[in-house]
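Have a look at the structure below before the remarks.
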Amino acid sequence: MKRIVFILLIIFMTSLGVYASMNNQNVQAPVYPQGEACASQEATRIQFQYKGIPLDEIIDYYKSELKDEKDIKWETMQDGNGVIIHDWGSREWHKIKIIDRADQEGVFVSIYKNSWTWIVGTLVIRFIGVFVVLLVLLISMYISGGIISRLVPEPEK
């Protein structure tokens, strides 16, 4: 029985990886026109470069496209050269990063897709964490029970 459950678990995890690798380019995020797609080393990221278009114009485009959307958080980068848009909802993408890179002449827009590796990894860590907490509580209850049983005398019948 354990072998069957283990084999089914491996098949399930493998199918998640195959699904994620087959579905990389379909992000369904708004994309500013006139961009040149750049090669990306990450399978979960699509990047566009915009030459001659100011950063504020691209940010205004995304603000108008995402103005009525819920669960969107805007974050200005510390150096002031860009904006990060986080999605806390159920969209195909989870982050859009807009950066003005003066050294590479242009504005770069990176759209990050949700990664099943990250999602499943987080769930596994939480699952294991629950059992670690329960194990610590069980051991502490055994220790405290042993101490209390030695310190408190048994009542006489």
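The structure displayed is predicted, hence computed values, not measured ones. When a residue number appears, it is its place in the shown sequence, counting from 1. For the numbers below, each heavy atom of this structure counts, side chains included, while hydrogens, waters and symmetry mates do not.
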Hey, could you give me each pair passing salt bridge (charged side-chain N to carboxylate O under 4.0 Å, His left out) that has a residue in residues 54-63? Not counting sequence neighbours. none
To check you understand the geometry: which heavy-atom pair defines the closest contact between Pro30 and Ile111, and what is its length? O-CD1, 4.1 Å
What pairs of residues pass the ring pair (Phe, Tyr, Trp, His ring centres under 6.0 Å) test when at least one of them lies in residues 132-157, not counting sequence neighbours? none
Is it true that Phe48 and Leu55 fall in one hydrophobic cluster, defined by side-chain heavy atoms closer than 4.5 Å? yes
Mind checking the NZ-NZ spacing from Lys95 to Lys73? Nearest 0.5 Å is all I need. 11.5 Å
Angle between ring planes, His94 versus Tyr112, binned at 30° and 60°: parallel, tilted or perpendicular? tilted
If you look only at distance, which donor and acceptor atoms sit under 3.5 Å apart when one is on a side chain in residues 119-127 and the other is two or more places apart or in another chain?
unit_1 : atom_1 : unit_2 : atom_2 : d
Thr122 : OG1    : Trp118 : O      : 2.8

Checking Glu65 now: which residues fulfil side-chain hydrogen bond (donor to acceptor under 3.5 Å, both in side chains) with it, not counting sequence neighbours? none
All ring pair (Phe, Tyr, Trp, His ring centres under 6.0 Å) counterparts of Phe108, not counting sequence neighbours: none
Please name the pair of heavy atoms, one in Met77 and one in Ile98, separated by the smallest distance, quoted to 0.1 Å. SD-O, 4.4 Å
Count I, L, V, M, F, W, Y as connected when their side-chain heavy atoms are under 4.5 Å apart, and connections chain through other members. Are Ile59 and Val31 then in the same cluster? yes
Partners passing side-chain hydrogen bond (donor to acceptor under 3.5 Å, both in side chains) against Tyr62 (at least two apart in sequence or in another chain): none
Listing request: all side-chain hydrogen bond (donor to acceptor under 3.5 Å, both in side chains) pairs with a residue in residues 78-87, at least two apart in sequence or in separate chains. Glu75-His86, Asp87-Arg91
Could you tell me whether the side chain of Ile99 reaches within less than 4.5 Å of the side chain of Val107, counting heavy atoms only? no
Salt bridge (Lys or Arg N to Asp or Glu O under 4.0 Å) partners of Asp100, counting only residues at least two apart: none
Verify side chain to side chain contact (heavy atoms under 4.5 Å, CB included) between Tyr32 and Val109, making sure each step is shown before the conclusion. CA-CA 9 Å; Tyr32 189 80; Val109 176; 5.8 Å; no
Without swapping roles, check the side chain of Tyr61 against the backbone of Pro33 for a donor-acceptor pair under 3.5 Å. no
Please report the closest heavy-atom contact between Ile96 and Ala29, naming both atoms and the distance. CD1-CB, 4.3 Å
For residues 144-152, run the donor-acceptor check on the side chains, cut-off 3.5 Å, and write out each pair with its distance to 0.1 Å, sequence neighbours left out.
unit_1 : atom_1 : unit_2 : atom_2 : d
Ser144 : OG     : Ser140 : O      : 3.1
Ser144 : OG     : Met141 : O      : 3.2
Ser149 : OG     : Gly145 : O      : 3.2
Ser149 : OG     : Gly146 : O      : 2.9

The side-chain hydrogen bond (donor to acceptor under 3.5 Å, both in side chains) partners of Gln49 (sequence neighbours excluded) come to none
All N/O donor-acceptor pairs, side-chain side in residues 2-9, below 3.5 Å, sequence neighbours left out:
none

As a quick check of understanding, evaluate side chain to side chain contact (heavy atoms under 4.5 Å, CB included) for Trp93 and Ile85, giving each step before the final call. CA-CA 10 Å; Trp93 56 275; Ile85 307 166; 4.3 Å; yes
